[in-house]
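Step one of this worksheet: look at the structure below.
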2 protein chains.
Amino acid sequence: MKNPNGFHKKGTTTPIPLPTVSRLPIYLRHFTEFEKEQQLVISSKTLSEVSGIHPAQVRKDLAYLGQVGQRGIGYEVKRLAHKVRDILGLHQTWLVLLVGTGNLGMALLQYGGFVKAGFKIVAAFDVDPSKIGWELEGVKIWPLLALRQIVREKKIEIGIVAVPASQAQGVTNALVDAGIRAILNFAPCSLTVPRSIFLRNVDLSLELEHLTYFLGREVFTRTFNP
Amino acid sequence: MKNPNGFHKKGTTTPIPLPTVSRLPIYLRHFTEFEKEQQLVISSKTLSEVSGIHPAQVRKDLAYLGQVGQRGIGYEVKRLAHKVRDILGLHQTWLVLLVGTGNLGMALLQYGGFVKAGFKIVAAFDVDPSKIGWELEGVKIWPLLALRQIVREKKIEIGIVAVPASQAQGVTNALVDAGIRAILNFAPCSLTVPRSIFLRNVDLSLELEHLTYFLGREVFTRTFNP
DNA sequence: TTCTGTGAATTTATTCACAGCA
DNA sequence: TGCTGTGAATAAATTCACAGAA
């Protein structure tokens, strides 16, 4: 099989297509809900109904995880959730640092969803000298100069960039230097990183701009979760 | 030509493929940067280099906007930016309301990117009685009961949901009832809306979960901006 | 020449449709 | 029977490759 995304290095497991990888966290959320409701087994049809993803798509996606369902029965929620966490690497707690403690940074610090998903923000950084040394949500604020040291000491692998666009590239370079492996960027700009760094952009106004395309014309609609 | 996304109603303009629509705001951001730098004309190659999108893809995307480039020359930045804003419906100011004034809501209220892109949050809503009547960033906080009235009075078309997952569906129903046409959902859950409502989900921990898939294996990487 | 616009080729993703197992 | 897993069919998106305009 040819590598469906451009990312697979030979000898290193699952060539799961990128769109499937994007859908796995969505499935996982529903599994968590089903687990809460004591629903032990679900079918691709049910999962399709709650997620809006075509049932054949659901089956194909889940089949990439191996033989995870039972013909005639369905998928055992618990087993499947475990498998998806396995694939997504969510059985460990990932240590995360945050650069920028403005409003967005604060919101991220207090955002419950990260903890629930197994992410832990263990350090925050800011340029504002008046903020340094303080603690927010039990997380200490450091100057940017401390980046390299803290990353090494705490073995942090993921960085969140929540600074103004004008500072984002500089901060990113510092993160890369400090040895961060993945970056989640909230600044509304494109960043340049070495090929070895995994970068994902979340742009809030971009999402709104996408919406207005459809508002601007008469269209039929459905949910997007790209 | 067959409709490439499922959204196009006959007799109502551009059947631009969905992936292209998602890339238009990215191009637009770069145009804005080029405008700032007094760069009058750009080529698909340049745009490709800054955006990471394949040059042929850039040309194909831009060609959906009509005849926007000049063979042998390139694209006139100003003209093209105008055209993209046209297509995305960004020449008007869109009125937006916010439900939930917790940390995320606050961050969104103060987020400069929206204003820059032509969005204006003109009302905020919360269930917490102690917050009602106060102003944040010049935006008054209303009780949820006032939703319908405010939406009609101010002719608001877009709603942002920034409440806990447990309340999100209820709030969404209220927004739909009140006559909102598009919803940007930040709650980590899937929402059900009528087909006539345009819904877009932004899930912060989902983004991180996507990242860890790649961190968990040895892969070559590049930027994602899905 | 340079660089767009675009058919054709290719790759990738989705959906169909059914064999096979409980 | 009900439902998964999966080849085959279809649809869509991307990339190639080149004609044609400046």
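Convention: sequence-line order gives letters A, B, ...; per-chain numbering from 1. The structure displayed is predicted, hence computed values, not measured ones.
Between A/Lys45 atom NZ and C/dT15 atom P there is a gap of 17 Å when expressed in whole angstrom units. Protein atom NE2 of B/His54 is 10 Å distant from nucleotide atom P of D/dA17, rounded to whole Å. The CG atom of B/Leu65 sits 13 Å away from the C1' atom of C/dG5 (whole-angstrom rounding). Rounded to whole Å, atom P of D/dC3 lies 15 Å from atom CG of A/Leu62. Rounded to whole Å, the distance from CD1 on B/Ile53 to C1' on D/dA13 is 13 Å. Between the CD atom of B/Glu76 and the C1' atom of C/dT2 there is a distance of 18 Å, given to the nearest Å.
The nearest heavy atom of DNA chain C to A/Arg59 and to A/Arg23 marks one nucleotide each, and the one closer to the 5' end goes with A/Arg23. Sequence order on DNA chain D of the closest nucleotides to A/Lys60 and A/Arg71 puts A/Arg71 first from the 5' end. Nearer to the 5' terminus of DNA chain C, by closest-nucleotide assignment, is the contact made by A/Asp61 (compared with the other of A/Asp61 and A/Gln70).
Residues B/His54 and B/Ser48 bring no donor and acceptor atom of their side chains to less than 3.5 Å of each other.
Counting only distance, with no hydrogens or angles, the side chain of B/Thr172 and the backbone of B/Ala168 share a donor-acceptor pair below 3.5 Å.
With A/Tyr64 as the partner, the side-chain contact (heavy atoms from CB on, under 4.5 Å) test is satisfied by one option alone out of A/Val21, A/Ile87, A/Leu24, A/Thr20: A/Thr20.
If you check every strand for non-hydrogen atoms under 4.0 Å, B/Thr20 touches nothing.
A pairwise comparison of heavy atoms in B/Thr212 and A/Leu90 identifies OG1-CD2, 3.6 Å as the closest pair.
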